[in-house]
Amino acid sequence: MNEKSKRLLSLDALRGFDMFFIMGGEALVIALAAFLPDEAAAFVARQMGHKAWHGLAAYDLIFPLFLFLAGVSLPFSLSKQLSCGKSKKMIALRILRRALLLVLLGVLYNGFLSLDFENMRFASVLGRIGAAWAIASLIYLFAGRRTAVVVSVALLLGYWALLALCRAPDAPASASVFSMEGSIVGYVDRLLMPGVLHVGIHDPEGLLSTLPAVVTAMMGIFTGDFVRNSTLGEPKKVWAMLAASVALLVAGYLWGGIFPINKNLWTSSFVCCGAGYSLLLFALFYLVIDVWGCRRWSFFFAVIGVNSITIYLARQFLDFGKPVQTLFGGLLGLLPQQFYAVGYWACYVAVCWLFLYFLYRQKIFLKV
């Protein structure tokens, strides 16, 4: 990659790899794992679902990876906008507009048009992405890299202290400060969030837990800044990112011993682990695609990655199961029972991908 402003092909591919599991890939993996020995199949199935509370499964990494990658792209976008003569104020307004649009899309995704506001969930995945990415972007834009590092460390340590020292006033005396009932995170959401929370007394995309999510986005920004501005050769960049990913994972798992790794609370240890795995994956994709130039295999994922928000929204509003039955129902009916799940989910992923490929060929991209 000779031009510093050039788009990272690995970024689109890794984002597509991430969203592949959202658009049916996790069900396909589970169906394939059914042919493994029982213990192995059960292990894979557990990895393809969220942990109920404490702990970390592979599926828990999908959200932080997406937010991390949103951060990686920012330094490249900022450079392009500044080179075109846009002021920081203009860029900031664009960042805020994007954040607001993501929040609104998240509310729409949750059923805004039903107009049942009392029973509607206002927190959302898209809203979390918009808010956390925007705050991280504005800090980086106006405060610079060094201040952003200080703010990130302060947020992680401050969030730890807040949760460890402040129990929910309405919690049972026996409830841990890191439990759903005892956490101050859920209490703030119950106090301030309108509508309903995702799990009754707690929302994984609520208000307080957005603060450490800002650091997840910031970790991605630091990575993009490093890739764009470092004077190291490309192989050394990869080694540096791999070393940093290991350091983050060690820090995350050690911290998890006293501040549990928990996606629902988006704990500081979860931030470190999520960023560590995200950086590890990005370094590998960057090495293979952008450094070694092995790109053909990545096209499948890149088609998903350039329209990732599209497929996330489309699966909420369109029933992709119907074209699966229309196009492949007859063939699926011929399969032995033990192969049906694999066939169905392979066809489901194929239909989703062809939908995105059509948009790709027509150069239709949902940009927010």
Side-chain angles (χ1 to χ4, degrees), residues 1-20 61 64-84 86 88 91 133 136-137 139-153 156 215-253 271-306 308:
M1 192 175 64
N2 297 323
E3 300 175 15
K4 289 186 177 181
S5 61
K6 186 177 178 181
R7 184 179 183 92
L8 292 176
L9 299 180
S10 55
L11 192 60
D12 289 330
L14 183 51
R15 188 183 290 115
F17 174 78
D18 194 32
M19 292 303 298
F20 165 77
L61 297 170
L65 175 57
F66 192 92
L67 185 52
F68 177 90
L69 295 176
V72 172
S73 65
L74 182 76
F76 296 89
S77 173
L78 284 183
S79 173
K80 182 178 180 180
Q81 293 180 71
L82 289 171
S83 66
C84 292
K86 292 185 178 179
K88 287 188 176 181
I91 296 172
W133 173 84
S137 300
I139 293 171
Y140 177 79
L141 176 63
F142 289 108
R145 186 193 313 159
R146 290 185 180 180
T147 302
V149 170
V150 172
V151 170
S152 297
V153 173
L156 293 183
V215 185
T216 301
M218 194 70 78
M219 294 284 193
I221 292 174
F222 294 149
T223 301
D225 182 88
F226 172 76
V227 170
R228 183 181 179 277
N229 295 314
S230 175
T231 57
L232 294 175
E234 300 301 332
K236 289 184 177 180
K237 284 183 183 179
V238 174
W239 280 112
M241 287 190 285
L242 290 174
S245 71
V246 171
L248 284 167
L249 288 170
V250 170
Y253 280 110
V271 171
C272 292
C273 288
Y277 282 117
S278 297
L279 183 53
L280 175 63
L281 285 170
F282 176 73
L284 294 175
F285 272 64
Y286 178 75
L287 173 65
V288 174
I289 297 173
D290 290 311
V291 178
W292 290 347
C294 301
R295 299 171 180 170
R296 285 189 177 182
W297 67 274
S298 67
F299 179 73
F300 173 85
F301 294 118
V303 168
I304 305 170
V306 295
S308 53

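Throughout, residue positions are numbered sequentially from 1 according to the sequence presented.
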Query raised in the report: How many angstroms lie between CD1 in I91 and OG in S137, if you round to the nearest 0.5 Å?
Result: 10.5 Å

Query - Minimal non-hydrogen separation, S10 against F282, with atom names - result: OG-CE1, 3.9 Å

**Report entry** From CZ (F17) to CG (L65), nearest 0.5 Å
**Finding:** 8.5 Å

Query raised in the report: Side chain of S79, backbone of F76: donor and acceptor closer than 3.5 Å?
Result: no

Report task. Answer whether the closest heavy-atom distance between the side chains of M219 and L279 falls below 4.5 Å. Result -> no

Requested in this report: Check A217 against W133 and note the closest heavy-atom contact, atom names and distance.
Outcome: CB-CA, 4.0 Å

Query - Whether K88 side chain and F142 backbone form a donor-acceptor pair below 3.5 Å - result: no

Report summary line: For residues 140-152, the salt bridge (charged side-chain N to carboxylate O under 4.0 Å, His left out) pairs (sequence neighbours left out) are R145-D225

Query raised in the report: For the residue pair S230 and K237, what are the closest heavy atoms and their distance?
Result: O-CE, 3.5 Å

Query raised in the report: What's the spacing between S308 OG and D18 CG if we round to 0.5 Å?
Result: 8.5 Å

Query - Where T216 and P64 come nearest, the two heavy atoms and their spacing - result: CG2-O, 3.6 Å

Report task. Could you tell me whether R15 and D12 have a side-chain N and a carboxylate O separated by less than 4.0 Å? Result -> yes

I'd like a table of donor-acceptor pairs (distance under 3.5 Å, sequence neighbours excluded) in which one partner is a side-chain atom from residues 243-253, with atom names and distances.
| residue | atom | partner | partner atom | Å |
| --- | --- | --- | --- | --- |
| S245 | OG | L242 | O | 2.6 |
| Y253 | OH | Y277 | OH | 2.8 |

Query - Residue pair F226 / A240: nearest heavy atoms and the distance that separates them - result: CZ-CB, 3.7 Å

Query raised in the report: Do W297 and F285 have ring centroids that are under 6.0 Å from one another?
Result: yes

Query raised in the report: How far apart are the C-alpha atoms of F222 and V149, what are their side-chain angles, what is the distance that settles it, and do they pass the side-chain contact (heavy atoms from CB on, under 4.5 Å) test?
Result: CA-CA 9 Å; F222 294 149; V149 170; 3.6 Å; yes

Report task. Could you tell me the separation between the CG atom of L141 and the CG atom of L82, rounded to the nearest 0.5 Å? Result -> 7.5 Å

Query raised in the report: Looking only at atom types and distance, does a side-chain atom of D290 sit under 3.5 Å from a main-chain N or O of L8, one as donor and one as acceptor?
Result: no

Report task. Measure the spacing between CE of M19 and CZ of F66 and express it to the nearest 0.5 Å. Result -> 6.0 Å

**Report entry** I139 CD1 to S152 OG distance, which is reported to the nearest 0.5 Å
**Finding:** 7.0 Å

Query - Considering all heavy atoms, the nearest G71-P75 contact - result: O-CD, 3.4 Å

**Report entry** Residues that S77 engages under side-chain hydrogen bond (donor to acceptor under 3.5 Å, both in side chains), provided they are two or more places apart
**Finding:** Q81

**Report entry** side-chain contact (heavy atoms from CB on, under 4.5 Å) partner of S298, the single match among L14, L9, I289
**Finding:** I289

